[in-house]
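In what follows, a structure is listed as structure tokens, so that the remarks can point back to it.
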Amino acid sequence: MLEVLASKRDGYPLISGHRGGAAYAPENTMASFENGWERGADLLELDVQLTKDGHVVVFHDHTLDRTTDGLGPLGEKTLAEVQTLDAGSWFGPEFAGEKVPTFEEVVDWAKGKIRLNVELKSGPFPYFQDELAEKVVAILRKYDVLHETLIISFDHPLVRQCKILAPELACAINFTARVVDPIGLARVSKADILNMHRGWISPDLVALAHGHGLGVQCFCDGVEEAIMLTKMGVDFMDSDHHDVVRAAVRAVPLEEIAG
Ligand code: G3P
Ligand code: MG
């Protein structure tokens, strides 16, 4: 079993701080990762994409507008240009001067501290990120953390590419639609985990996935819903209020958690 799935051995789902812990600090910044780590997240989720000159940076949106003082598509800026931006002030004046980190900077900081849940962002056209898988895997390999990292993406060919490059990586396909054959979708993408919209998760779906050796993951920020999903046996949850959700799900008696 992959290490990242085996680590769920105490019976509770692993909780990722979504974008570090987006409720508490500006998403995808070092301040957010420090905060997520200090608040006891099991993993930290972050988003990666490429700059115009091919550097892997940690950033969620397609454009700079919402979370920095810059404008326009990230993919049209060089790393040097991106690093001049303020990625903290939009969230609160106390975060002024926070930068867009490089992926390598975050991996270096996280090694030995906390595992990462890395979301490969891709598209929309013309920003397909075909070189992203190779670059992300190379950085994880350099720091010897492939075996403890979870890769997720809505771009399923990129997930497949990561798994081919590094079979020791745990990989999840993201999807929001209700699909005919989730197991087949995972198999064709070489994925280990179904990272799906929580609205489609049922006890039968979790049992089906587990029966095929697959994990189940979702985003969930509501305590009642997280408790319900925990009882179904969901393996991973990404949450903005990860500490609140984690405390709530760990209060569920183990005998009430499926399989
Ligand atoms: O499970 C992670 C999923 O929520 C990713 O979506 O848009 O927050 O990166 P996003
Ligand atoms: Mg994400």
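As a basis for the values below, the full set of heavy atoms in this structure was taken, side chains included, without hydrogen atoms, waters or symmetry mates.
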Item to check | side-chain contact (heavy atoms from CB on, under 4.5 Å) between Leu214 and Ile193, intermediate numbers included | outcome: CA-CA 5 Å; Leu214 299 172; Ile193 298 159; over 6 Å; no
How about [X] and [Y]: does a side-chain donor come under 3.5 Å of a side-chain acceptor?
{"X": "His60", "Y": "Arg19", "answer": "yes"}
{"X": "Gln217", "Y": "Asp238", "answer": "yes"}
{"X": "Asp235", "Y": "His210", "answer": "yes"}
{"X": "Asp221", "Y": "Ser239", "answer": "yes"}
{"X": "Thr51", "Y": "Asp53", "answer": "yes"}

Working to the nearest 0.5 Å, report the span between [atom1] of [X] and [atom2] of [Y].
{"X": "Ile15", "Y": "Arg250", "atom1": "CD1", "atom2": "CZ", "result": "8.5 Å"}
{"X": "Glu225", "Y": "Met237", "atom1": "CD", "atom2": "CE", "result": "9.5 Å"}
{"X": "Glu45", "Y": "Asn195", "atom1": "CD", "atom2": "CG", "result": "8.5 Å"}
{"X": "Asn174", "Y": "Ile152", "atom1": "CG", "atom2": "CD1", "result": "4.5 Å"}
{"X": "Met228", "Y": "Cys220", "atom1": "CE", "atom2": "SG", "result": "8.0 Å"}
{"X": "Asp204", "Y": "Met232", "atom1": "CG", "atom2": "CE", "result": "10.0 Å"}

Checklist entry - Between Arg66 and Glu27, is a side-chain contact (heavy atoms from CB on, under 4.5 Å) present by the stated rule, with each step listed? => result CA-CA 11 Å; Arg66 181 179 62 89; Glu27 63 184 57; 2.8 Å; yes
Any non-hydrogen side-chain atom of [X] less than 4.5 Å from a side-chain atom of [Y]?
{"X": "Ser122", "Y": "Leu132", "answer": "no"}
{"X": "Val206", "Y": "Pro203", "answer": "no"}
{"X": "Leu64", "Y": "Leu71", "answer": "no"}
{"X": "Phe236", "Y": "Leu43", "answer": "yes"}
{"X": "Phe33", "Y": "Asn28", "answer": "yes"}
{"X": "Lys121", "Y": "Val48", "answer": "no"}
{"X": "Leu120", "Y": "Asp155", "answer": "no"}
{"X": "Leu74", "Y": "Thr63", "answer": "no"}

Measure from the side-chain N and O atoms of [X] to the backbone N and O of [Y], and report whether any donor-acceptor pair falls under 3.5 Å.
{"X": "Thr68", "Y": "Gly70", "answer": "yes"}
{"X": "Arg141", "Y": "Leu146", "answer": "no"}
{"X": "His197", "Y": "Gly199", "answer": "yes"}
{"X": "Lys113", "Y": "Trp109", "answer": "yes"}
{"X": "Gln129", "Y": "Leu50", "answer": "yes"}
{"X": "Lys135", "Y": "Gly54", "answer": "yes"}

Do you know the tightest heavy-atom contact between [X] and [Y]?
{"X": "Pro26", "Y": "Ser32", "answer": "O-CB, 3.2 Å"}
{"X": "Pro13", "Y": "Val234", "answer": "CB-O, 3.3 Å"}
{"X": "Leu44", "Y": "Ala41", "answer": "CD2-CB, 4.1 Å"}
{"X": "Trp37", "Y": "Ile114", "answer": "CD1-CB, 4.1 Å"}
{"X": "Cys218", "Y": "Met196", "answer": "CB-O, 3.2 Å"}
{"X": "Leu194", "Y": "Ala209", "answer": "CD1-CB, 4.0 Å"}

Checklist entry - To which residues is Phe95 joined in a hydrophobic cluster, defined by side-chain heavy-atom contacts under 4.5 Å among Ile, Leu, Val, Met, Phe, Trp and Tyr, whether direct or through other members? => result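 In the cluster with Phe95 are Trp90, Phe91.
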Checklist entry - Does the ring of Tyr24 carry Arg39 above it, NZ/CZ under 6.0 angstrom from centre and within 45° of its axis? => result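 Arg39 over Tyr24 ring: yes.
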Just wondering, more than 12 heavy atoms not from [X] lying within 6.0 Å of its [atom1]?
{"X": "Lys52", "atom1": "NZ", "answer": "no"}
{"X": "Glu94", "atom1": "CD", "answer": "yes"}
{"X": "Lys190", "atom1": "NZ", "answer": "no"}

Checklist entry - So which of Leu158, Leu116, Ile173, Val136 actually passes side chain to side chain contact (heavy atoms under 4.5 Å, CB included) with Ile151? => result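 That would be Val136.
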Checklist entry - For Thr230 and Ile257, what are the C-alpha separation, side-chain angles and deciding distance, and is it a side-chain contact (heavy atoms from CB on, under 4.5 Å)? => result CA-CA 6 Å; Thr230 296; Ile257 299 178; 3.7 Å; yes
Checklist entry - Parallel under 30°, tilted from 30 to 60°, perpendicular over 60°: which one fits the rings of Phe175 and His156? => result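 Perpendicular: the ring planes of Phe175 and His156 meet at over 60°.
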Next on the checklist: Checking Glu81 against Thr78 for the side-chain contact (heavy atoms from CB on, under 4.5 Å) test, could you report, in this order, the C-alpha distance in whole Å, the side-chain angles of both residues, the deciding distance, and whether it holds?
Outcome noted: CA-CA 5 Å; Glu81 287 168 335; Thr78 62; 3.3 Å; yes
Expected list for residues 96-107: side-chain donor-acceptor pairs under 3.5 angstrom, two or more places apart:
{"unit_1": "Glu98", "atom_1": "OE1", "unit_2": "Ala31", "atom_2": "N", "d": "3.4"}
{"unit_1": "Thr102", "atom_1": "OG1", "unit_2": "Glu105", "atom_2": "N", "d": "3.1"}
{"unit_1": "Glu104", "atom_1": "OE2", "unit_2": "Lys142", "atom_2": "NZ", "d": "2.5"}
{"unit_1": "Glu104", "atom_1": "OE2", "unit_2": "Tyr143", "atom_2": "OH", "d": "2.9"}
{"unit_1": "Glu105", "atom_1": "OE1", "unit_2": "Thr102", "atom_2": "N", "d": "3.2"}

Would [X] and [Y] show up in the same hydrophobic cluster when neighbours are defined by side-chain heavy atoms closer than 4.5 Å?
{"X": "Val57", "Y": "Leu140", "result": "no"}
{"X": "Val56", "Y": "Val145", "result": "yes"}
{"X": "Val159", "Y": "Leu185", "result": "yes"}
{"X": "Val137", "Y": "Ile164", "result": "no"}
{"X": "Leu169", "Y": "Leu46", "result": "yes"}

Next on the checklist: Please determine whether a side-chain nitrogen of the Lys or Arg among Arg115 and Glu148 lies less than 4.0 Å from a carboxylate oxygen of the Asp or Glu.
Outcome noted: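 Salt bridge absent between Arg115 and Glu148.
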Checklist entry - Under the side-chain hydrogen bond (donor to acceptor under 3.5 Å, both in side chains) rule, what pairs show up with a residue in residues 176-185, not counting sequence neighbours? => result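 The answer is none; no pair qualifies.
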Next on the checklist: Run the side-chain hydrogen bond (donor to acceptor under 3.5 Å, both in side chains) test on Ser89 and Asp86 for me, step by step, so that the C-alpha distance in whole Å, both residues' side-chain angles and the decisive distance to 0.1 Å come before the verdict.
Outcome noted: CA-CA 7 Å; Ser89 292; Asp86 178 338; 2.6 Å; yes
